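Reviewing the structure listed below.
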Protein chains: 2
Amino acid sequence: MAERADPSQVPADYETDAGDRHDQLRLWLRLLSCTFLVENEIRTRLAQSFDTTLPRFDLMAQLDRVPEGLTMSALSARLMVSNGNTTGIVERLVAEGLVRRTVSDTDRRSTSVSLTAKGRAAFKTMAAQHEAWIRELFGELEPAQTKRLLSLLGAAKEAVRTSLATPRPAAAPRRRKRAKA
Amino acid sequence: MAERADPSQVPADYETDAGDRHDQLRLWLRLLSCTFLVENEIRTRLAQSFDTTLPRFDLMAQLDRVPEGLTMSALSARLMVSNGNTTGIVERLVAEGLVRRTVSDTDRRSTSVSLTAKGRAAFKTMAAQHEAWIRELFGELEPAQTKRLLSLLGAAKEAVRTSLATPRPAAAPRRRKRAKA
DNA sequence: TCCGGATCCTTGACGTCTAAAAATTCTCGC
DNA sequence: GCGAGAATTTTTAGACGTCAAGGATCCGGA
């Protein structure tokens with residue numbers, strides 16, 4: 001955190017002046033800053049308390065739910081990240097002895113990933129602390145507000161999913177210029 | 001997107017079974033997945049339509065609000081990222097001719113960053129499209145729901161800020177093991 | 001059988017992010 | 001003036017993240 005910019009020094013919320021007629025944009029910006037605020041704090045605490053990272057924690061959380069293990073693809077889908085990304089995180093967790101990879105008997109292309117005993121124990125500890133942190137961070141929120149927010153966010157998520165499922169006109173796919181040395 | 005894992009293949013929402021007594025944790029997980037959903041889509045569209053990235057767009061958005069420019073630190077604070085990070089993004093935007101750096105007359109340590117004419121024009125176009133996308137994604141949401149959500153998220157954000165401002169016991173700061181070659 | 005396509009995963013190039021250390025420059029008490 | 005310390009930014013090392021390309025394997029017909 002030593003060098004991290006201090007948002008409290010900024011005169012106001014740079015999320016609030018998007019105009020009155022643009023509630024959806026404002027909603028998005030607020031969602032973003034809210035998530036960012038919590039995420040950064042959790043990331044820092046995970047590093048300080050457990051010498052780990054959010055992606056590692058998230059991956060272990062998914063594995064903890066499925067004792068028999070998950071394939072790389074299933075894991076990637078759950079984490080909503082690319083397969084290539086998952087490869088790297090699993091690699092590091094294996095190096096730390098928290099996770100195990102097993103090549104499938106029936107399909108040699110596919111490998112199953114699962115928590116080791118050490119990994120399961122480590123996750124248990126971290127998960128408890130993690131939830132305590134979340135409770136702490138949202139502690140000021142009334143239970144009724146929490147429930148209402150939960151429900152509205154559910155609706156928002158559904159709305160976005162619906163919109164994403166509806167194919168768009170596909171506006172002239174412009175090729176990338178960058179990405180070539 | 002070619003290789004990106006498909007979340008729709010996942011049996012259900014892996015965000016919903018955190019238990020009934022843990023609303024705050026559920027709230028956090030839902031917040032996270034909601035943000036992620038929108039963020040990934042916007043990121044993809046920015047790449048396809050404008051050959052740019054979210055961080056570049058965000059940085060330009062901040063500069064667009066302050067025609068006279070911002071120092072690196074001020075910019076970092078507004079973006080809520082580290083100074084080192086800002087350095088890299090600004091570098092690339094300068095290379096693209098969208099942003100300009102000026103060393104301060106009164107303090108040679110500090111540099112002011114501002115949009116070029118080209119950058120301002122590019123941002124104008126992108127910002128309009130960006131808002132249209134957001135409107136599209138949240139389009140299914142009732143205006144009343146949007147307003148309610150906006151207000152509740154404001155409360156949530158305030159709650160988190162309050163919690164962050166309250167100094168914690170500072171549980172035994174464990175030193176990092178990694179981060180040494 | 002054998003070959004073309006699909007599937008699973010990893011690799012490679014690049015961009016974004018952090019924390020911490022290093023490099024500059026400024027400020028201020030003496 | 002001068003030197004200690006503060007302030008501003010860049011640099012560095014490493015972890016994530018994307019997409020696209022490649023390698024291995026599997027499967028389903030001719």
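Numbered from 1 within each chain, the chains take letters A, B, ... in sequence-line order. Any value given below was found using the heavy atoms of this structure, including those in side chains, with hydrogens, waters and symmetry copies removed. Every value quoted in this text rests on a predicted model; they were computed, and no experiment measured them.
No hydrogens or angles were tested; on distance alone, nothing pairs the side chain of Arg109(B) with the base of dT9(D) as donor and acceptor under 3.5 Å.
Side-chain contact annotation: Ser76(A) with Thr86(A), donor-acceptor N/O pair under 3.5 Å present. Counted by atom type alone, Thr71(B) and Ser73(B) present zero donor-acceptor pairs between their side chains at under 3.5 Å. A donor atom on one side chain and an acceptor atom on the other are not found under 3.5 Å apart for Thr146(A) and Asp23(B). Side-chain N/O atoms of Arg100(B) and Thr116(B) include no donor and acceptor closer than 3.5 Å.
The 5' end of DNA chain D is approached more closely, in terms of each residue's nearest nucleotide, by Ile89(A) than by the other of Asp105(A) and Ile89(A). Nucleotides of DNA chain C nearest to Thr106(B) and Ser112(A) differ in position, and the one nearer the 5' end is that of Ser112(A).
The side chain of Ser73(B) places an N or O atom within less than 4.0 Å of a non-bridging phosphate oxygen (OP1 or OP2) of dT9(D). Taking side-chain N and O atoms only, Arg56(A) has a distance below 4.0 Å to OP1 or OP2 of dC16(D). For dT9(D), neither phosphate oxygen OP1 nor OP2 lies less than 4.0 angstrom from any side-chain nitrogen or oxygen of Asn83(B). Not one side-chain nitrogen or oxygen of Arg108(A) sits closer than 4.0 Å to the OP1 or OP2 atom of dG23(D). Between Arg43(A) and dT18(C) there is no side-chain polar atom (N or O) within less than 4.0 angstrom of OP1 or OP2. For the pair Asn85(A) and dT18(D), the criterion of a side-chain N or O lying under 4.0 Å from OP1 or OP2 is met. For the pair Arg101(B) and dT8(D), the criterion of a side-chain N or O lying under 4.0 Å from OP1 or OP2 is not met.
For the pair Glu91(B) CD and dC14(C) C1', the computed distance is 14 Å after rounding to whole Å. Per the geometry, CE belonging to Met80(A) stands 11 Å off P belonging to dG17(D), to the nearest Å. In this entry the distance linking CG of Asp51(B) with C1' of dG15(C) reads 12 Å, nearest Å. When rounded to the nearest whole Å, the span between CD1 of Ile42(A) and P of dT18(C) equals 16 Å. The distance between atom CD of Glu96(B) and atom C1' of dC14(C), rounded to the nearest whole Å, is 13 Å. Atom CG of Asp107(B) and atom P of dT24(C) are 15 Å apart (whole Å). Residue Leu70(A) contributes atom CG, which lies 15 Å from atom C1' of dC8(C) at whole-angstrom precision. Look at CG on Asp58(A): it is 17 Å from P on dA15(D), rounded to the nearest Å.
Of the candidate nucleotides dC16(D), dT10(D), dG15(C), dG15(C) has the atom nearest to the side chain of Thr53(B). Here the side chain of Met72(A) is nearest to one of dT9(D), dT16(C), dT10(C), namely dT10(C). Comparing dC9(C), dT9(D), dT10(C) by their closest approach to the side chain of Thr71(A) singles out dC9(C).
Remark: Phe123(B) CZ to Arg65(B) CZ distance equals 8.0 Å, nearest 0.5 Å.
At a threshold of 4.0 angstrom between heavy atoms, the contacts of Ser110(A) are confined to the sugar-phosphate backbone, with no base atom among them. No contact: Thr86(A) has no heavy atom under 4.0 Å from any strand.
A salt bridge is defined here as a Lys NZ or Arg NE, NH1 or NH2 lying under 4.0 Å from an Asp or Glu carboxylate O, and Glu41(A) with Arg45(A) meets this definition.
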